Amino acid sequence: MKALNITALTIGIIGAINWGLIGFFNFNLVESLFGIGWIARIIYAAVGLCGLYLLTFYSRTGESSYES
């Protein structure tokens, strides 16, 4: 479970950095690396799924870190 948490958090951070680049500099890193094809859509979908999974972290904020 810890590997899933780390993976989701890493992908979420990458997505957040991409959105920051879009907001500040109008530069889409995913689009510049992968184009606007199906690979970029998969990356966007993965970021979205990780974001939904990271919402579950709110319910775990009071839990002990030893249980994960």
Side-chain angles (χ1 to χ4, degrees):
M1 191 67 147
K2 186 175 181 180
L4 178 63
N5 292 347
I6 291 170
T7 302
L9 190 56
T10 302
I11 292 173
I13 289 170
I14 290 169
I17 290 170
N18 189 55
W19 275 108
L21 288 171
I22 291 170
F24 288 118
F25 305 110
N26 198 25
F27 176 71
N28 189 335
L29 182 63
V30 172
E31 188 176 299
S32 69
L33 291 176
F34 302 104
I36 54 173
W38 60 273
I39 295 175
R41 289 181 56 104
I42 291 171
I43 293 169
Y44 292 134
V47 170
L49 290 173
C50 288
L52 291 174
Y53 175 74
L54 291 174
L55 285 173
T56 66
F57 281 24
Y58 283 117
S59 65
R60 294 186 261 164
T61 56
E63 292 182 12
S64 172
S65 62
Y66 299 110
E67 294 177 340
S68 59

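It should be emphasised that the depicted structure is a prediction, and the values quoted were computed from it without experimental measurement.
Linking Ile, Leu, Val, Met, Phe, Trp and Tyr whenever their side-chain heavy atoms come within less than 4.5 Å puts Ile42 and Tyr44 in one cluster. No chain of hydrophobic side-chain contacts below 4.5 Å, direct or via other Ile, Leu, Val, Met, Phe, Trp or Tyr residues, connects Ile36 to Trp38.
The nearest pair of heavy atoms linking Asn18 to Leu29 is OD1-N, 2.9 Å. Counting all heavy atoms, side chain and backbone alike, Tyr53 lies closest to Ala8 at CD2-CB, 3.5 Å. For the pair Ser32 and Phe27, the tightest heavy-atom approach, listed with the atom from each and the gap, is OG-CZ, 3.4 Å. Nearest approach of Asn28 to Val30, heavy atoms of both residues: OD1-N, 3.2 Å.
Here Ile43 contributes atom CD1 and Ile14 contributes atom CD1; the two are 9.0 Å apart, rounded to the nearest 0.5 Å. Here CG of Leu9 is found 8.5 Å from CG of Asn5. Values are rounded to the nearest 0.5 Å.
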Worksheet entry | Pair Thr10-Ile13, side-chain contact (heavy atoms from CB on, under 4.5 Å): steps then yes or no | CA-CA 5 Å; Thr10 302; Ile13 289 170; 5.8 Å; no

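Ile22 forms part of a hydrophobic cluster together with Trp19, judged by ILVMFWY side-chain heavy-atom separations under 4.5 Å.
More than 12 heavy atoms of other residues, nucleotides or ligands sit less than 6.0 Å from atom CG of Leu55.
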